[in-house]
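Below is one structure, written out as C-alpha cells; comments come after it.
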Amino acid sequence: MPNTYDPGSAEALWYLAWEDYGYFFAAPDDKRPPFVMVLPPPNVTGILHIGHALTAAIQDTLARWRPMSGFNVLWLPGLDHAGIATQVVVEKKLMREKGVTKHDLGRERFVQEVWNWVERYGGTICHQLRQLGCSLDWSRQCFTIDERRSKAVVEAFVRLHDSGLIYRNNRLVNWDCTLKTAISDIEVEYRELRGRTPITVPGYNDPVEFGVIYSFAYPIEEQNDEIIIATTRPETMLGDVAVAIHPEDPKYAHLHGKFVIHPFDERKLPLICDKDLVDMNFGTGAVKVTPAHDASDLLCGERHNLPSINILTDDGKINSFGGPLFQGLPRFEARQAVLKALEKKKLYRGSIDNAMKLGSALGQAKSIVKSGELQILPEGSKETWYRWLDNIQDWCISRQLWWGHCVPAWYVTLEGDKNKGMGAYDDHWVVARSESEAKKLAGEKFPGQEHNLDQDPDVLDTWFSSAIFPYAALGWPDNTSDFRTFFPTSVLETGHDILFFWVARIVMLGVNLTGQVPFKQVYLHAMVRDAQGRKMSKSLGNVVNPLDVMHGAALNELYKELEKSGLSKSEVEKGKEGLKTSFPKGIPRCGADALRFGLIAYSRQEVSINLDIKIRDLNLSSLPFCSAAIAVYSWWYDYLCNMFIELAKPILSGDSPRDIKCVLDTLWLCMDNGLRLLHPFMPFITEELWQRLPKHSSMKQSIMQGPYPSHREEWRNEIVEAEMTEVDKIAGLARSLRCHCGMDFTNQRGKMKLYVVCNNEQYRRVLNERAAEVSTLADLDSLEVLRAGEQVPPEVVCAAEHLADDGKYRLFVYSLMTPL
C-alpha cells in the first residue's frame with residue numbers, strides 16, 4: 001500500500017468502476033422499498049460552485065446511505081434550460097464572435113445557435129458532478145426542454161388552463177428593460193438603502209442615484225394655488241392620470257372635485273379622494289396616480305375608473321405618450337430631463353434623502369404541511385412557508401424570450417375581423433397540445449368562418465418546467481413503470497433560497513396535476529457564504545469552482561477562469577483583488593472526500609453539538625447531516641485512532657500470539673464497520689481502504705453493496721464502556737495537566753508520574769485494573785492510585801493538581817524529570 005493517498009487517481013478509478021458495475025441504476029422491478037430524490041436541475045449555462053457542491057454532497061450522502069440500509073435508490077439527474085441566463089450567454093457570444101444580434105439571425109436560426117451551444121458546453125456540470133462522486137442514475141438523465149419533458153410542459157399547461165388556473169389578462173409586471181421580458185414577483189431581490197446611493201445600471205455610462213425623494217407642484221385649475229407631490233420616480237409623472245388625497249384631510253377639503261393641470265401637455269387630472277391609497281400624515285398627504293407603473297396606483301385606478309397610460313417602451317425609453325419633449329430618452333435620463341423641465345417652469349420643489357427598499361430582477365400547500373403530510377426541515381422554515389402562502393400573488397408565467405417552451409396557445413384571426421393585430425380580441429385564443437389540435441378547436445369555436453392561426457410568440461417561465469420536473473423526469477403524463485414505481489419521491493433536499501421559486505411551486509402544481517404530494521420531506525440547507533458572510537459573486541472574487549478545491553489551483557489559474565466568465569473589465573479586476581485576498585497562494589489540493597466532508601460539517605444550523613459516546617444507530621433521516629458527520633468523525637478520531645489503536649500498540653509489539661490475533665480481529669471489525677459508516681460522506685477513500693482489508697467471506701464486491709452498520713446488542717458491554725469512559729477522562733486530564741506544566745510530550749529523558757487520590761472505592765478498583773491503559777494513553781512513567789486520606793510521598797513536589805467535578809477523585813501530577 002502506498003505511503004500517501006493520491007485522491008486524483010483513486011477518485012477516477014472508483015467512479016468508473018461504480019458506473020461500469022451499474023451501482024447507480026435503480027430497477028423498477030426491484031423488490032426493495034424505493035427511495036427517490038431529484039437533483040435540483042442546475043442551469044445548463046454554467047459551472048457548479050461551492051453552493052452546488054454542498055447540495056450534491058448532502059444528497060449523495062443520502063443516496064449512498066439508503067441502499068446500504070435496504071432501499072432501492074433512484075437519484076435523478078437533470079439540467080435546466082435556464083431561459084433568461086442561456087439566452088443572455090448566447091447573445092453575448094454572438095455579438096463577441098460574429099458581431100450579430102438575435103434579430104439579425106431571426107428566431108429559428110437563433111434557437112439553433114442556442115442548441116449548438118448547449119450541446120457543446122452543457123456537459124461541464126455533469127463532469128463536475130461525476131468528479132464529486134455523485135451516485136446519480138445517469139441512464140435517466142434528462143433536460144427540461146427535451147422532447148419528453150416538453151410534452152409534459154404542454155400537458156401541464158393545457159390541464160391547468162382548462163381547469164381555470166391559467167388565464168390571459170393584462171397585469172402590471174416587473175419588466176427587465178435589457179432582456180425585454182417580464183420577471184416574476186419572487187424573482188425580485190430587495191436591497192435596503194439608507195439614503196442617496198449611486199448604483200450601476202446596465203445601459204448607462206454613469207451610476208444612477210437611488211434613495212432620493214423629489215418634490216414638485218401641480219397647479220390647480222383656475223386657481224392661484226398648487227398641490228405638492230413627493231415621488232422617488234419623477235419621470236413617471238408623464239403618465240399621471242390623477243392626484244389622490246385623503247377624504248378626511250382638512251388641508252385639502254377645499255380641493256374636492258377640482259382638477260390639476262399637467263405642466264407638459266395641459267391635461268386635466270382629477271383630484272380624487274382615496275383613503276386606501278393615501279396616508280394623510282405621510283409626506284404632503286397628496287399622491288400622484290400612475291396606474292401603468294405602480295401596483296397600488298393600478299388598484300386605485302380600478303376603483304375610480306381611471307385610464308392607464310404606459311409611457312415606456314419595452315427597452316425602457318419614453319414612448320410617444322410621454323410627450324415629444326422626452327420621447328426616446330432612456331428612463332433615467334428622462335428623470336433628469338423632467339426635473340430640469342419642472343425647474344424651468346418653477347414647479348420643482350427640491351429633493352431629500354429617502355430610505356427605501358430597492359428591487360432588482362434577480363389552501364393545499366399550506367394544509368399538507370400543517371397536517372404533517374409534508375415535512376419541512378429545519379422546523380423554523382415552516383413559518384416562512386406559511387407566511388409566503390398567506391401573501392401569494394398570481395404568477396405571471398409568460399416571458400418575452402426566444403429560448404424556452406413556447407406557450408401552447410394560438411390566436412385565431414378571422415377573415416371578417418376589423419382589427420387583424422394579434423390579441424386584438426380576447427375571445428380569439430385557443431389552447432391546445434399541438435397545432436393540429438388548435439386548428440380543430442378553432443374550427444369548432446368559429447364554425448364556417450375562414451381564419452388563420454398564429455402561435456403566441458412568448459415562452460414559459462423556466463420555473464414552470466422546473467416545477468413539474470420531479471414527475472416529468474419519471475415519464476409523466478404517461479403512466480410509465482418509473483412513474484408507477486418511483487412517484488411520489490421521498491425527499492427534496494435543496495437550499496432555502498429557492499423554497500418559493502421551486503419547492504412551493506412543485507407542491508402546488510404536483511398536487512393539482514398528479515393528485516399526490518410530490519415528496520414526503522423537504523430538507524433545506526444553509527447557503528454557502530465567504531469568510532465575510534457575503535453571497536458568492538464572481539465580481540467579488542469569492543466564487544469557487546469545487547474542482548479547484550479538489551485538484552488545487554494556482555492564483556493565476558483562478559485569474560484565467562475569472563477572465564472567461566463574461567464579466568466586464570472593471571468587474572474582472574475587482575474580482576481578481578478578491579481572489580488575491582482570499583487565496584494569495586492559490587487553493588491547495590484536498591480531493592473530493594475532504595471537500596464533501598467539510599461542506600457537510602459546515603452546514604450545521606445549531607450553535608453547539610453534544611455527542612454521546614454511546615451512539616447506537618446513525619440515522620440520517622432524523623439527525624442533521626452535520627451532526628451525523630461529526631459523530632462519525634468523533635468515532636474515528638477520538639475512539640478508534642486516539643484510543644483503541646494507541647492501546648493496541650503495546651499488545652501488537654508483545655509476544656502473545658493469542659492477544660495479537662484478538663487485537664487484529666477486533667481492528668479488522670472496527671475498520672470494516674468504520675469504513676462502511678463513513679462511506680456515504682467520503683466514498684472514494686473508504687472504497688480504496690476497504691478494498692485493501694483482508695478479505696472475508698461476507699464481503700461484497702464493493703463497499704457500496706455492504707450493509708450500513710447498525711447497533712448490535714451482543715457487542716455491548718456497559719461495564720467496560722463505563723470503565724473506558726473513566727480511563728479516557730483521566731488520561732485526558734493528565735494530558736491537559738502535562739501541557740499546563742509545560743512538559744514536552746516528545747521529551748524522552750523522563751516521563752510524568754501521576755497520582756490519583758480516589759474518594760470512591762469502586763473508582764480506585766477500576767483505575768488500578770486499568771492502570772496500563774491510562775499510562776499508555778497519557779504517556780505516563782507510572783500511575784499510583786491512592787485511597788482518600790493517603791498521602792503522596794513527601795520527597796516529591798506537586799507540579800499541578802485537578803479536582804474532578806463530581807468530587808470522586810483528585811489528580812496530582814508530579815514532575816520527576818530524572819535524567820536517564
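Each residue takes its place number in the sequence, starting with 1.
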List for me each residue that meets salt bridge (Lys or Arg N to Asp or Glu O under 4.0 Å) alongside [X], sequence neighbours excluded, and say none if there are none.
X: R148; result: none
X: D146; result: R149
X: K93; result: E97

Chi angles and distances behind the salt bridge (Lys or Arg N to Asp or Glu O under 4.0 Å) call for R168, D426: CA-CA 8 Å; R168 181 179 292 274; D426 291 340; over 6 Å; no
Side chain to side chain donor-acceptor pair (under 3.5 Å) contacts in which one or both residues fall within residues 106-120, not counting sequence neighbours: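 The answer is K98-E113, Q112-N116.
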Partner residues of S398 under the side chain to side chain contact (heavy atoms under 4.5 Å, CB included) criterion, sequence neighbours left out: C396, Q400, D458
Heavy atoms of other groups near F321 CZ, more than 12 under 6.0 Å: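 No.
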Short side-chain to backbone donor-acceptor contact, [X] and [Y], under 3.5 Å:
X: D461; Y: I397; value: no
X: H293; Y: I311; value: yes
X: H405; Y: T144; value: yes
X: K420; Y: E415; value: yes

Candidate pair T313 and N319, rule side-chain hydrogen bond (donor to acceptor under 3.5 Å, both in side chains), full reasoning: CA-CA 6 Å; T313 62; N319 62 22; over 6 Å; no
Please confirm whether the ring centroid of [X] lies under 6.0 Å from the ring centroid of [Y].
X: F143; Y: F469; result: no
X: Y411; Y: Y425; result: no
X: F332; Y: Y204; result: yes

Side-chain heavy atoms of L39 within contact of L76, under 4.5 Å: no
Using residues 507-518 as the side-chain source, report each donor-acceptor pair under 3.5 Å to any protein atom, sequence neighbours left out, with the distance given to one decimal.
from, atom 1, to, atom 2, distance (Å)
T514, OG1, G510, O, 2.6
T514, OG1, Q516, N, 3.2
T514, OG1, Q516, O, 3.3

W395 and F464 aromatic ring geometry - parallel, tilted or perpendicular at 30°/60° bounds: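 Taking W395 first and then F464, their aromatic rings sit tilted (interplane angle of 30° to 60°).
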